[in-house]
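Whatever order the structure lists ligands and atoms in, that order sets their numbers, starting from 1.
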Amino acid sequence: MTEHSHNHGHHHHHEHDEDGGEDEHEHFSEEERIAAHVKAGKAARTALDYAKANARVGMKLIDLAKIAEDKIRELGVGIAFPANLSTDNEAAHYTPRFNDPRVIGEKDVLKIDIGTHVDGFIADCAVTVDFSGENGKLLEASKTALESALATVKAGINVREIGRVIEGEIRKRGFKPVENLSGHSLDQYVIHAGITVPNYESGNYVFEEGDSFAIEPFASTGLGRIHEDHAFEEIYGVSALGNVRSPGARKLLENIFLEYKSLPFAKRWLKQDAMLGFQIRELKNAGILDYYPLLTEAKGVLISQHETSIIVEKDGCKILV
Ligand code: MN
Ligand code: MN
């Protein structure tokens, strides 16, 4: 998943004090934390490669999502968020709905963005598949941008420099970086932990040894500015705990928090009960659930994305995926 830096009142920054996250941190040493990230990263690599190898024109997106998510479960790690399968001008946060009829088209530019976690320590990664083979340069732009960023990251480097490198690789191939999507720090059970890695020369944070981050350049044939499409609502997350009146909604929240904590989840993962829509709305209205809107550019635009997660080291970085 990605961090949208100019959201309009929809806070995706899950502060980690309401779920006891700080306390859980204390149970893990630095070595254990890094080992968990590494394990999550290996599983993410296997699942991402497997999903990519199985993606076919004519396949339902829901089937591809299940292939990716089932593989993560089979590998014995947690799913950090629903498989994001965003097509063409959609940059991020499309996950198929329950019984979603959408299929992969022969000219689709499909972003496969998945996440794993071990004890809440996350690996977030993505690759783009170009089914027509006509968009090699666009894919090369985000891929090379990621590679150059990874070759530049180390303790003491400012995120601004990473943004400059990413923007340079994308612009020199004739595309625009998506300016209002960015990489992000990773915290335990928190996918967008507050520090961003812009895809252009911006930001001001100096990497420290041991930091965990996702870096995710997006290259666009359009303006490089996405907007939120609120007509699509499928991915949610608990943003604050609180009380609701109806027992059904209260029970749903209990189950969600037990299973996903503050991590994003899909509505299709829940029991498809007749009351589900009402209960979700009640939790949203109470400020407990937030949703992740679809992030898109204008129709006709094509966007590519490549993403991996890292641990910053003194002289470079450990690439997790
Ligand atoms: Mn992602
Ligand atoms: Mn991400």
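Remark: at the Mn ion (ligand 2), atom OD2 from D124 and atom O from M1 enclose 100°, rounded to the nearest 10 degrees.
The atom of E216 that is an N, O or S and sits closest to the Mn ion (ligand 2) is OE2. When distances from the Mn ion (ligand 2) to the N, O or S atoms of E307 are compared, OE2 comes out shortest.
Using a cut-off of 2.8 Å, one finds that H192 contributes no N/O/S atom close to the Mn ion (ligand 2).
In this structure, F213 has its ring center closer than 6.0 angstrom to the ring center of F207.
Considering H93, E228, H192 as possible partners of H4, the one that fulfils the side-chain hydrogen bond (donor to acceptor under 3.5 Å, both in side chains) test is E228.
Taking both residues in full, the closest heavy atoms of D124 and E216 are given as OD2-OE2, 4.3 Å, listed atom of the first, atom of the second, then distance.
Side-chain contact between T128 and D130 is absent, with no heavy atoms from C-beta onward closer than 4.5 Å.
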